[in-house]
Amino acid sequence: MPLISALSVASQSLLTHKRAISAVSTNISNVYTEDYARQLPEFADIQTGGVFIENIRRIFDKAYFKRYISTNQQYSSLNTYKNILEQVEYVFNDEQGSGFGKEITDFFLALNDIILNPDDISARTAFISKAKALVGRIRDSYKVLTEIRTNAIERLHNVVDVLNDKLSALAEVNENIRFFGDAPERLNQYLDRRDRLIKEISSLVDTKIVFNDDGTVNLYTAKGFPLVMEDRSYPIEVKLESADDPRVYATSVDITENFENGEIGGILKGVRFLNEVIDRLNTFTKTFANKINEIHETGYNLYGETNVAFFVAENGAVNIDASNIALAFEDPKK
């Protein structure tokens with residue numbers, strides 16, 4: 001072999017191994033970097049002699065990755081839902097003194113004292129005090145529940161904004177993956193970012209992934225609505241049909257009922273549960289107040305009056321509920 005050819009082969013070999021060592025060095029530097037995928041140089045022979053790096057393969061298990069995404073979106077949904085449930089639990093936690101079980105018990109014990117001593121003004125005064133405490137606790141519970149719901153809906157808006165930003169970023173990454181298809185080192189950087197974005201998106205919304213041959217991905221909701229198609233993203237939006245009914249739209253289609261997983265799914269489940277709890281609290285309050293009034297109105301007070309309600313709806317509202325229940329009077333003789 002001529003000297004020049006031999007030197008050329010040696011030079012090529014040195015450059016090739018320098019590039020391979022650089023890949024190994026990058027692996028070592030990023031051993032603790034989250035979402036970094038190890039790179040493996042693949043050598044090929046040159047017919048005239050020597051070797052070259054044919055490709056720098058990124059170690060990536062598609063099946064494992066999809067399994068991770070599925071688990072991650074379920075975890076995020078359950079964790080978000082759990083957070084809302086814990087807030088509701090605290091509202092009715094009698095053991096920690098935040099429920100109103102004690103106030104209900106005190107209400108009926110004080111009422112029993114009046115039954116035993118109908119003319120006792122102090123017993124009547126004590127009963128009105130206990131009734132005010134119960135009304136206050138019911139209304140406080142309603143206020144806290146509605147605040148939790150308001151915060152959850154506000155959080156939903158924020159999460160959707162974050163999701164749309166990440167969808168836009170993923171579409172841009174898809175574009176760069178195509179552009180750097182012939183530059184493995186740069187391509188692998190964008191593939192790492194692609195996977196990181198998909199993981200972050202999966203924590204926000206339940207999604208399906210379709211991997212394209214060129215390394216780009218198409219992203220859909222679990223029910224098939226497009227989120228990212230090649231280099232284009234499709235943002236979703238939240239609309240409030242009413243104060244307690246947030247709806248999520250994709251391409252002008254209401255897809256609220258399609259969400260089960262991800263933080264968005266967890267928030268929507270939490271809002272539905274909060275609505276149920278508030279409805280149950282209102283039903284309890286209305287039934288409780290109406291039954292007490294029904295009995296109270298048949299009796300006579302110390303002024304000789306009858307047909308007097310004990311509970312009313314504040315501000316002249318037609319129906320009593322947890323937001324407006326109030327005492328009709330504070331005079332113990334009534």
Side-chain angles (χ1 to χ4, degrees), residues 34-35 61-93 144-171 194-211 217-228 233-251 253-280:
E34 188 175 359
D35 298 321
D61 188 323
K62 189 181 297 184
Y64 172 80
F65 183 76
K66 285 189 173 182
R67 177 65 177 169
Y68 173 90
I69 294 302
S70 175
T71 303
N72 187 49
Q73 57 196 22
Q74 291 175 23
Y75 168 79
S76 179
S77 172
L78 293 172
N79 194 50
T80 302
Y81 188 43
K82 169 177 171 286
N83 179 263
I84 293 175
L85 294 181
E86 287 176 341
Q87 295 179 66
V88 175
E89 180 184 33
Y90 178 77
V91 175
F92 299 106
N93 195 328
V144 173
L145 289 173
T146 54
E147 287 176 352
I148 295 171
R149 182 175 63 191
T150 298
N151 292 338
I153 294 174
E154 182 178 346
R155 182 179 175 185
L156 178 63
H157 281 278
N158 294 336
V159 170
V160 167
D161 288 342
V162 172
L163 172 63
N164 288 333
D165 288 342
K166 293 188 182 299
L167 295 178
S168 178
L170 182 60
R194 176 202 71 184
D195 293 349
R196 182 167 61 252
L197 281 169
I198 293 174
K199 288 181 179 180
E200 292 170 351
I201 289 170
S202 72
S203 70
L204 304 177
V205 62
D206 46 351
T207 183
K208 292 193 299 186
I209 312 165
V210 175
F211 288 94
V217 293
N218 293 336
L219 225 59
Y220 305 86
T221 67
K223 301 298 183 179
F225 287 88
L227 296 174
V228 175
S233 64
Y234 297 84
I236 64 175
E237 61 177 333
V238 179
K239 297 180 181 179
L240 285 179
E241 303 294 338
S242 63
D244 60 353
D245 187 23
R247 312 300 294 178
V248 182
Y249 287 82
T251 59
V253 178
D254 187 345
I255 59 172
T256 307
E257 306 306 323
N258 294 339
F259 289 101
E260 296 179 2
N261 296 315
E263 189 171 350
I264 291 176
I267 292 174
L268 290 172
K269 284 190 289 187
V271 170
R272 286 194 291 267
F273 179 73
L274 281 164
N275 288 336
E276 291 176 6
V277 172
I278 291 172
D279 287 344
R280 287 160 60 187

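Sequence positions, counted from 1, serve as the residue numbers for this chain.
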Subject >> Evaluation steps, side chain to side chain contact (heavy atoms under 4.5 Å, CB included), between Val144 and Tyr90 >> reply: CA-CA 10 Å; Val144 173; Tyr90 178 77; over 6 Å; no
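- With rounding to the nearest 0.5 Å, the separation of CG in Asn72 from CG in Asn261 is 10.0 Å.
- Taking 4.5 Å as the limit, every side-chain heavy atom of Ile201 sits out of range of all side-chain heavy atoms of Val228.
- Within the 4.5 Å cutoff, no side-chain heavy atoms of Leu204 are placed close to those of Glu200.
- Between Ser203 atom OG and Ile198 atom CD1 the span is 12.5 Å, to the nearest 0.5 Å.
- Considering CD1 of Ile278 and OG1 of Thr146, their distance stands at 6.0 Å, rounded to 0.5 Å.
- Taking each heavy atom of Leu156 and Pro246 in turn, the nearest pair found is CD2-CB, 3.8 Å.
- Arg247 places none of its side-chain heavy atoms less than 4.5 Å from the side chain of Val238.
- A distance-only check finds no donor-acceptor pair linking the side chain of Glu260 to the backbone of Asp206 [under 3.5 Å].
- Listed by chain and residue number, Glu263 satisfy the salt bridge (charged side-chain N to carboxylate O under 4.0 Å, His left out) test with Arg155 (two or more places apart in sequence, or in another chain).
- With rounding to the nearest 0.5 Å, the separation of CD1 in Ile69 from CD1 in Ile209 is 4.5 Å.
- A donor-acceptor contact shorter than 3.5 Å links the side chain of Asn164 to the backbone of Ile236.
- Taking the side chain as every heavy atom from C-beta outward, Tyr249 and Asp254 approach each other to under 4.5 Å.
- The minimum heavy-atom distance linking Gly262 with Ser76 is given by the pair C-OG, 3.9 Å.
- For the pair Leu170/Lys166, no side-chain contact is recorded, criterion being any heavy-atom separation below 4.5 Å from C-beta on.
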Original post:
So Asn258 and Thr221, side chain to side chain donor-acceptor pair (under 3.5 Å) or not? Walk me through it.
Top reply: CA-CA 8 Å; Asn258 294 339; Thr221 67; 5.4 Å; no
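- Using a distance-only test at 3.5 Å, with no hydrogens or angles considered, no donor-acceptor pair links the side chain of Ser70 to the main chain of Lys66.
- Atoms CG and NZ, on Leu219 and Lys208 in that order, are 11.0 Å from each other to the nearest 0.5 Å.
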Original post:
Going through the distances and angles, do Ile148 and Val91 end up as a side chain to side chain contact (heavy atoms under 4.5 Å, CB included)?
Top reply: CA-CA 10 Å; Ile148 295 171; Val91 175; 4.2 Å; yes
Under 3.5 Å donor-acceptor pairs involving side-chain atoms of residues 268-276, not counting sequence neighbours:
from   : atom 1 : to     : atom 2 : distance (Å)
Lys269 : NZ     : Ser77  : OG     : 3.2
Asn275 : OD1    : Arg149 : NH1    : 2.8
Asn275 : ND2    : Asp244 : O      : 2.9
Asn275 : ND2    : Val271 : O      : 3.4

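- Listed by chain and number, the residues in a salt bridge (charged side-chain N to carboxylate O under 4.0 Å, His left out) with Lys82 are Glu86 (sequence neighbours excluded).
- Atom CZ of Phe225 sits in a crowded spot, with more than 12 heavy atoms from other residues, nucleotides or ligands closer than 6.0 Å.
- No side-chain heavy atom of Lys223 sits less than 4.5 Å from a side-chain heavy atom of Ile255.
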Original post:
Stepwise, does the side chain to side chain contact (heavy atoms under 4.5 Å, CB included) test hold for Tyr234 with Leu167?
Top reply: CA-CA 8 Å; Tyr234 297 84; Leu167 295 178; over 6 Å; no
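- To the nearest 0.5 Å, the span separating CZ on Arg280 from CZ on Phe92 amounts to 8.0 Å.
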**OP:** Begin with the C-alpha distance, continue with both residues' side-chain angles, and end with the deciding distance and a verdict on side chain to side chain donor-acceptor pair (under 3.5 Å) for Asn151 and Glu147.
**Re:** CA-CA 6 Å; Asn151 292 338; Glu147 287 176 352; over 6 Å; no
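- Defined by atom type and a distance below 3.5 Å, a donor-acceptor pair is missing between the side-chain atoms of Asn158 and Glu154.
- For the pair Tyr220 and Thr207, the tightest heavy-atom approach, listed with the atom from each and the gap, is O-OG1, 2.7 Å.
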